[in-house]
Protein chains: 2
Amino acid sequence: MRERLLDTAGRLFYEQGYQQTGINQIIAEAGIAKGSFYYHFNSKSGLLVAYLDRFVNNWILGADIFLAEIADPKARVAGLISYRIANQKKNGFNGCALVKANAGLEAVDGELRKYIGELKQQMRDYVAAVISHSGHKKIISDEALTDMVVLLGDGALVGTAIYHNTDDLEKAVALITALI
Amino acid sequence: MRERLLDTAGRLFYEQGYQQTGINQIIAEAGIAKGSFYYHFNSKSGLLVAYLDRFVNNWILGADIFLAEIADPKARVAGLISYRIANQKKNGFNGCALVKANAGLEAVDGELRKYIGELKQQMRDYVAAVISHSGHKKIISDEALTDMVVLLGDGALVGTAIYHNTDDLEKAVALITALI
DNA sequence: GTCTATAAGATGATAGAC
DNA sequence: GTCTATCATCTTATAGAC
């Protein structure tokens, strides 16, 4: 039941946004009563935290699987963006789940925003690890390349969420490929 | 009155997000009755469109003023990001208004998302114009540099909205400076 | 652990007086 | 053009039966 709620809520949060998705819709689509929902989660924002946590875990696990297919360690750096392209094609071009969740919070809620920042840092650490094992051309430093991949990736996902295509992500792949 | 509503709503939309801001709060802070609000705007999303339109106009006007202070046309390319740093410091580190508004819409509302895409294109055209007059080193093409500036800028604003600082934007300045 | 019924309040929007 | 009063609906969350 808890898993079913997380699945349904995750899908709706990502497609519609956190604020746009009400408890009523979540329980209706999951086929679960309201009382049961509040047995498993203490509040709507508690559900959001659980969802974001699972999202980042799955993102890293999925990246491991995706990059394992790429033999050349240099190509894996560009593969970090290709992975995002694959994710977007699979999940409806709604951009980054963390960014979308962050935009759906009041400016007041610094606690939750801080937590999102920590999750984002986990993703950045993963990117940095891939780059450190890549043996790239060192046109720019490891750190600068990490900035490049993270910032270009996030910027391109912004375009993805607005235009509902992967054009910007493909531009990002081209820009990064020239540097590795 | 209409201007006062736009000012108040714009500030609240940007600080809190579109969905988080109710008509009641807008009219309370603007000191205007609900009936008067609906005399000036036909709906809440009508107000959003007017606000976004004005935002992009002001963004371009502000960029003109900001870049006029920079003598070297090459330095103006990096100045496009410095401009965003100045904006964020002035307005509370909430990222890009268009991105934030887009995240606050249902997936269903394709019409409004398309309009946001057009506004975003106006900003990109402005960036492309600055670059075409910059006489940069041509390490990469005009088009690739435009992608770079737009995507790095948007990506860095994502970090700004999450961490409430300009660290990522300053990294973007460094990356771009190395290319011009 | 799941359910139904309900609470208290906020939401966007409208009607009609002045 | 601005106001007050009101509408139906939706929101998150709780109480208590089974």
Side-chain angles (χ1 to χ4, degrees), chain A residues 1-54 100-113 115-116, chain B residues 1-54 100-113 115-116:
Chain A
M1 290 274 105
R2 203 188 122 98
E3 281 303 301
R4 196 152 94 213
L5 281 168
L6 267 177
D7 287 342
T8 307
R11 179 173 53 78
L12 293 173
F13 284 167
Y14 186 63
E15 286 174 3
Q16 308 181 342
Y18 172 67
Q19 292 285 346
Q20 289 80 2
T21 304
I23 300 284
N24 292 325
Q25 187 185 9
I26 295 169
I27 61 168
E29 296 201 14
I32 286 167
K34 190 167 287 191
S36 304
F37 171 85
Y38 281 98
Y39 173 81
H40 290 289
F41 298 95
N42 54 329
S43 68
K44 189 187 171 188
S45 71
L47 172 65
L48 177 64
V49 170
Y51 151 67
L52 291 175
D53 209 42
R54 199 178 66 153
K100 193 156 178 172
N102 187 64
L105 303 173
E106 307 106 272
V108 172
D109 197 340
E111 190 110 6
L112 204 38
R113 216 187 52 235
Y115 185 66
I116 289 175
Chain B
M1 291 272 104
R2 205 189 122 98
E3 280 304 301
R4 194 151 98 213
L5 282 167
L6 267 177
D7 286 342
T8 307
R11 178 174 54 79
L12 293 172
F13 284 168
Y14 186 63
E15 285 174 4
Q16 308 180 343
Y18 172 67
Q19 293 285 346
Q20 288 79 5
T21 304
I23 299 283
N24 293 323
Q25 187 185 10
I26 294 169
I27 60 168
E29 297 202 15
I32 286 168
K34 191 167 283 191
S36 305
F37 171 85
Y38 280 99
Y39 173 79
H40 290 290
F41 299 95
N42 54 328
S43 68
K44 189 187 173 190
S45 71
L47 172 66
L48 177 65
V49 169
Y51 150 67
L52 291 175
D53 209 41
R54 200 177 67 152
K100 193 157 179 172
N102 187 64
L105 303 174
E106 308 104 272
V108 171
D109 198 340
E111 191 109 7
L112 205 37
R113 217 187 51 236
Y115 185 65
I116 290 174

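In what follows, every chain begins at residue 1, and chains take the letters A, B, ... in the order their sequences are listed. Side chains are part of it too, since the values below use all heavy atoms of this structure and drop only hydrogens, waters and symmetry mates.
- Comparing dA13(D), dT4(D), dT12(D) by their nearest atom to the side chain of Asn24(A) picks out dT12(D).
- As judged by a 4.0 angstrom heavy-atom cut-off over every strand, Gly22(A) is placed among residues touching the sugar-phosphate backbone only.
- Taking the screw axis at each terminus of the helix from dG1(C)-dC18(D) to dC18(C)-dG1(D) from five consecutive base pairs, the angle between the two is 0° to within rounding of 10 degrees.
- In terms of heavy atoms, Arg2(A) sits closest to Ala50(A) at NH2-CB, 4.3 Å.
- Between Arg11(B) and Thr21(B) there is no side-chain heavy-atom pair separated by less than 4.5 Å.
- If you take CD of Gln19(A) and P of dC10(D), they are 17 Å apart, rounded to a whole angstrom.
- Mapped onto DNA chain D by nearest heavy atom, Gly35(A) and Tyr18(A) fall at different nucleotides, with Tyr18(A) at the one closer to the 5' end.
- Nearest heavy-atom pair, Gln20(B) versus Gln19(A), reported as atom, atom and distance to 0.1 Å: NE2-CG, 2.8 Å.
- Residues Ile27(A) and Asn24(A) approach most closely at CG1-O, 3.3 Å, considering heavy atoms.
- Results of the side chain to side chain contact (heavy atoms under 4.5 Å, CB included) test with Phe41(A) over Leu5(A), Leu48(A), Ile26(A) single out Leu5(A) as the only residue that passes.
- Tyr18(A) pairs by the ring-ring contact (aromatic ring centres under 6.0 Å, His included) definition with Phe13(A), not counting sequence neighbours.
- A 4.5 Å side-chain heavy-atom check between Glu29(A) and Asp7(A) finds every atom pair outside the cut-off.
- Here dT6(D) presents its C1' atom at 14 Å from OH of Tyr38(B), a figure rounded to the nearest Å.
- Summarising the geometry, the separation between CD1 on Ile27(A) and P on dA13(D) is reported as 12 Å, rounded to the nearest angstrom.
- Using a 4.5 Å heavy-atom threshold, the side chains of Glu3(B) and Leu6(B) count as touching.
- Side-chain contact between Ile32(A) and Thr8(A) is absent, with no heavy atoms from C-beta onward closer than 4.5 Å.
- The CD1 atom of Ile26(A) sits 11 Å away from the P atom of dA13(D) (whole-angstrom rounding).
- On the nucleic acid side, DNA chain C contacts chain A at distances under 4.0 Å to non-hydrogen atoms, with the end points of that region at dG1(C) to dT4(C).
- For the pair Gln25(A) CD and dT11(D) C1', the computed distance is 13 Å after rounding to whole Å.
- When the P atom of dT14(D) is taken as reference, atom CD1 of Ile23(A) falls 11 Å away, rounded to whole Å.
- Phe37(B) places its CZ atom 18 Å from the C1' atom of dA5(D), with the value rounded to the nearest Å.
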